[in-house]
Amino acid sequence: MTCCSDNVDKSDPAPEGQSSRQNSVDKARRTFLIALGTAAVGIGVGYALGYLTKPAEIIRETVERTVTVTRTVTVTPTPTPAPTPIPGLSGAASRAIAGVRDLLNKGVIAPGTTIRILHVAGSRANLEKAIELWSKYVPEVRVELITLGTEPDVYTKAMSEAVTKTGAFDAVTIFSTWLGDIVEAGLARPLDEFYARYDPEYVGPCAPIEPLGSYVTIYKGRRHSLALDSDVFTLSYRKDLLTSETYRKEFEAQYRKPLKVPDTWEELIDMARFFTELRLTAPSGGRVWGAYFYLEPAFAAYITWFNIFVEAGGIPFDLETMDPKVESPEGRYAFDIILRMKPYMPPEAISAAWADLYDKFVKGETVFTAAWPSLTKEAMRPTSAVRGNVGTALMPGVEVEVGGRRIVNKAAPNPVNWVGIVSNYSAHPEVAYLFLQFATAPDTGLDMVLTGVILDLFRACWFTDPRYRAKSAEGYGEEFLDAYMRSIEISYPDILIRGGTEYLSKLTTEVNNVAAGLKDPERALSDISAEWDSITKKYGRDAQLEAWRALAQLFPENVKSVWRAKGYMK
Amino acid sequence: MSREMARSVKLLATLPLNILLNAILIIPFAIMIYLAFLKWSPAMGIDWWEAAFVGVANFVRALGDARFVNALTNTVIYTVSTVSIEFLLGLLLAYLMLGEFTGKKAVLSLIIYPLMLPPVIVASVFYLMFQPYGPVNNVFLRAVLGDDALRITWFLNPRLAFTALIIADIWQWTPFIFLILYSALSAVPRRLVEAAQVLGASSFTIFWRIRLPLIKPLIIVAVVLRALEAFKMFDYAYLMTGGGPGVSTETISLYIYRVSVLYTDISYAAAMSLVVLVMLALVIRLFIWYFFERVR
Amino acid sequence: MEFRIVTKALKYIVIGVFALWTLIPLAWIVSLAFKSYAEWRVSYFVPKNPTTDNFVLLFKPEELLGRYGVMGATAIIEPATKPLINSLIVTAATTFLAVFIGFFTAYGASRYRAPGPFTLFFTLLTRMLPPAIFITPIMVYYSNLGLLDTYFGLVFLYSAVTVTYAIWILKGFIDAVPVEWEEAAMLEGATPIKVVFKVVLPLVRPGLVVAGLFIFLLTWSELLFALVLTNISAVTLPVHISKYVGAVGQLFGPQAALALIGSIIPVAIGYAIQKHLVTGFTFGMVRG
């Protein structure tokens, strides 16, 4: 059995009287030409097949697209359309519909145009609701959804599109964390022009709550997205356990402090310890743990560490040099808290996927936890073991000194917020934008957010305006709303400059290493520092610094004031 | 016998393959190789043909990257462990299944069933089974170890996590080797087997001395193909451990995936892939030389 | 005598143990398919509240609108019928194409050493690449060719990367067919092509079947390329399975249900081809 022996002449094995150098050179040349020829033939065949097998409608659409583009050139730029209020719709939604109508009437887009939106499966219900409402007013413009299973899939497709520029979709729902990457890759169209023309109501009583409204939509000073969602963490806790008389007395006896909603991480650790040591059993049969905060390796471990770090007054990058500033007292403190909290968290916190935190809390197996608003919604379901016993509070803070006074600085993480961007390679960017504006308007937006689980309230009037409040309360429960609104006001963004995912992913790995006991905090901090620095170098220090400076300005006031007090910010 | 090739046969033997491979793979392959010598990532906002040429910088970086070396080491250990165990099990099973018995068809279908499932679902299922609340701890190990079993946390301990991945792989892929070996063993000429039986050889001897040597090439094929697949293992690490704890179960496929998809550092990922490719190619070449060409 | 009985018993015990080992995770998948959310993360096999909701969600999602109590998975995905059909078309086409090309290549490689060693080695290279890095180049290439989101695009790519299996497995089987039999046939007047079809092909049937089965299975469950190269029209089964992700992570129940349904076809094929896995070279096959 022989194969692949180098001794065998490649093309013709008949050995008798055929070997001469000239012959083998000829053969080599022939082989090369044959290979080239078949490659050319193959590619030709590929092209032919590609063209012939394109569904007829795509060929027609490509032709139509060309026609449309030509026509747009000959039309004078559209002036701001006179707002023709549509009965029953709020300002932003009304202007969106009026805008589309206008484009249709002017022939800029043809009836039957389809907008494609790339999104993740979890948001399908929300988008379908928006489409349902949209079709009532503008049935001529169809909206199609390209659904993918997980967020990395959406990210992959979006980044691939940035390279291949196929125009396969017109808008994408992305995580705010990716905003820097997507903008710098050239995929996200700047939207300032559309904001000015159609006014999505980002100022006023119904604007998205600041600072969130700004930091998820503004990159390097320009608007690149529309907020679809808010994803701010709140502290969820077992009200029944915290208000129980027996436990209050016991806790006070043991710790000489009142049992109440913890204001600082230190307080939380004590309470977590207390409940863990009680060795309670949940209705599911599992053990009850005092706390569960994200430490898992796939992506979420950074949330907990970064939260404590920022509250303690830490700043991730120096505002003058872009040097990482994690090897600081704040960084060490964050690890200190995590390691002290770890014994009172279930061991799976370090390895299980992020849904495990939800599962445990809903089954009644954790006392203090923090996650996205969807956790509160889940805990409210009839199948939840803790229904009716869930309290919501701001994330615990850290005691810092500002202006000579000791205060408790609280800040809420806003990890991975959904926003909508318009593709630069879309054939109908304006329509895509208008759909997004319509879907996120004060009235239609609320319906969209409440239909489904993964999108959450982000406009102020949804909390304050009595017209909307009832609906919101139905989705989340009354007492959640006030705590949540306050949390948004002290929320801060992910590091969403270019390379954001990479910075945070490296941070997650190291935090998980420390939590798992595989690395000691000092070493981890210096590794994070080194890794972050190499990422910065890769993209260019100046470019990153510019983006970081712009982002740092959008952090909440309380965080910035601590930065100023510490001299990190001027 | 005339060794001159019939034109028609030669054409059929080479042309379709050439067209297929050349048309589909050559150009992307060339692009990939080119990318490895650039400093480029989509997030830089420039097209890849405009990016700066940096020579072997990416390769040098890869060789000095501790995480890359770690991923490679993990993958090598993983491949060697899974393939050797699967080979032994597959061979044993193929031998045992050679005769006829009632219900053989059903048993065979059952044995090869794991191949019919997408690795994604197998990974999810094993993920659930190895959790502290899952059946592995609570049902099976408890029967053996008592309540101590409840304290084993598979995905918290690097070694245990690794073992869990290996177990998942063995469950799904032993049938692969089994199937190749089984069909190969069955294809051994019956007259040889009958002749040996007439001469009084035991079934084991027949197996060991007649069937096995005759199918040696297919054994090599089975092992090499399986090893190449095992080396590229992604789904189990991604869904069961996420590479964790830390990066102790991060395989090379997972790391390259993260670098190219999450960090969009495509040039670097391409360089790493090429390094892996060269390494594997060398190993396979040596392997083939040793088994096919040295022993005549 | 007793020794024989003991070995026989041992043989059945070992087979039985292996069957059991295979059965357990399989039983877990089946149980997941009938469990609702609350029972996915548990340690017992038999659901306390069995439900067929998972299956309903696969094909008639509208019926579960709002009622589906799985972590608010009101994300209604399209029915799984089109992805199943797409997968069937793409996989069948790939298998035939790859086995066809692979058989002839293997024959040439075995008998005449054409294609040469480098080409053969290159085919192995296709299996050595971590797929993740191939995504961007293939996307760029396909988008230029217009092959994105088409059956042809997928079939060609899958054939190109799986033809290796066909070549190497078939080569192993063809090598085992004695050359003398072909020569005998040619002496009787058969043309070379006829020799291939009438002499070699039947004898390597197990090889064809095994290679075909593997290529079928590999393609049936391929995820990464399908994810990147399809959008709407050519979505295949694994991509569709990956979409069953609710608000809080994977929906194990529906995924298990779809995986089970998706495995019916491969299992049927596997069962049907069993008798072809065994030929036994017998006299009397070399005729005409």
Side-chain angles (χ1 to χ4, degrees), chain A residues 1-6 8-13 31 43 46-47 49-51 53-55 116 118 120-126 128 144 146-150 153 156-157 159-161 163-166 168-169 284 353-356 358-359 362-363 374-375 377-378 381-383 451-454, chain C residues 36-38 40-42 65-66 69 71-78 109-110 112-121 135-136 139-153 156 168 171-172 175-176 227-228 231-233 239-251:
Chain A
M1 308 278 181
T2 59
C3 126
C4 311
S5 166
D6 281 333
V8 180
D9 188 352
K10 181 174 187 287
S11 44
D12 196 327
T31 325
I43 296 175
Y47 261 111
L49 276 169
Y51 185 74
T53 56
K54 257 195 247 221
R116 293 194 179 83
L118 179 67
V120 90
S123 60
R124 193 170 168 110
N126 307 79
E128 279 181 344
E144 220 172 68
I146 304 179
T147 312
L148 291 179
T150 61
D153 300 334
T156 312
K157 263 245 156 66
M159 291 307 262
S160 303
E161 175 70 6
V163 175
T164 56
K165 312 189 198 341
T166 61
F169 46 82
S284 63
W354 63 271
D356 194 64
Y358 279 55
D359 191 61
V362 164
K363 281 188 177 151
S374 45
L375 177 63
K377 288 191 258 193
E378 286 317 313
R381 290 192 185 279
T383 44
T451 315
V453 181
I454 79 169
Chain C
S36 61
Y37 173 81
W40 292 345
R41 296 178 165 86
V42 296
L65 203 65
M71 279 289 182
T74 45
I76 302 301
I77 318 284
E78 304 95 355
S110 167
Y112 302 113
R113 309 231 176 80
F118 176 70
T119 314
L120 284 180
F121 201 62
I135 294 179
T136 303
M139 264 219 84
V140 171
Y141 187 52
Y142 266 32
S143 70
N144 277 309
L145 286 183
L147 284 176
L148 282 178
D149 208 16
T150 59
Y151 290 146
F152 275 104
F156 284 145
W168 286 93
K171 183 172 177 309
D175 282 341
L227 202 56
V228 171
N231 284 323
I232 302 183
S233 342
V239 177
H240 197 80
I241 291 183
S242 78
K243 291 187 184 180
Y244 287 103
V245 177
V248 212
Q250 294 182 64
L251 302 177

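Note that this is a predicted model, so its numbers are computed, not measured. Proteins get letters first, then strands, A, B, ... in listed order; numbering begins at 1 in each. What's counted below: heavy atoms across the whole structure, side chains too, no hydrogens, waters or symmetry copies.
Of the two parts of C/L227, the backbone and the side chain both hold a non-hydrogen atom closer than 4.5 Å to a non-hydrogen atom of chain A. Within the 4.5 angstrom heavy-atom criterion, only side-chain atoms of A/K363, from C-beta onward, approach chain C. C/L148 touches chain A through its side chain: at least one heavy atom from C-beta onward sits under 4.5 Å away, while N, CA, C and O do not. Looking at A/E144, the atoms closer than 4.5 Å to chain C (heavy atoms on both sides) all sit in the side chain, from C-beta outward.
The structure places CE of A/M159 at 13.0 Å from CD1 of C/I135, a figure rounded to the nearest 0.5 Å.
Within the 3.5 Å criterion, the main-chain N or O of C/D149 finds no donor-acceptor partner in the side chain of C/N231.
Judged by distance alone, the side chains of A/D153 and A/T150 do bring a donor and an acceptor atom under 3.5 Å apart. Side chain to side chain, A/S374 and A/Y358 meet the donor-acceptor criterion of an N or O pair below 3.5 Å.
Considering only heavy-atom pairs separated by less than 4.5 Å from chain C, the leading option among A/L375, A/V163, A/T147 is A/T147.
Considering only heavy atoms from C-beta on, C/L251 comes within 4.5 Å of C/W40 through its side chain.
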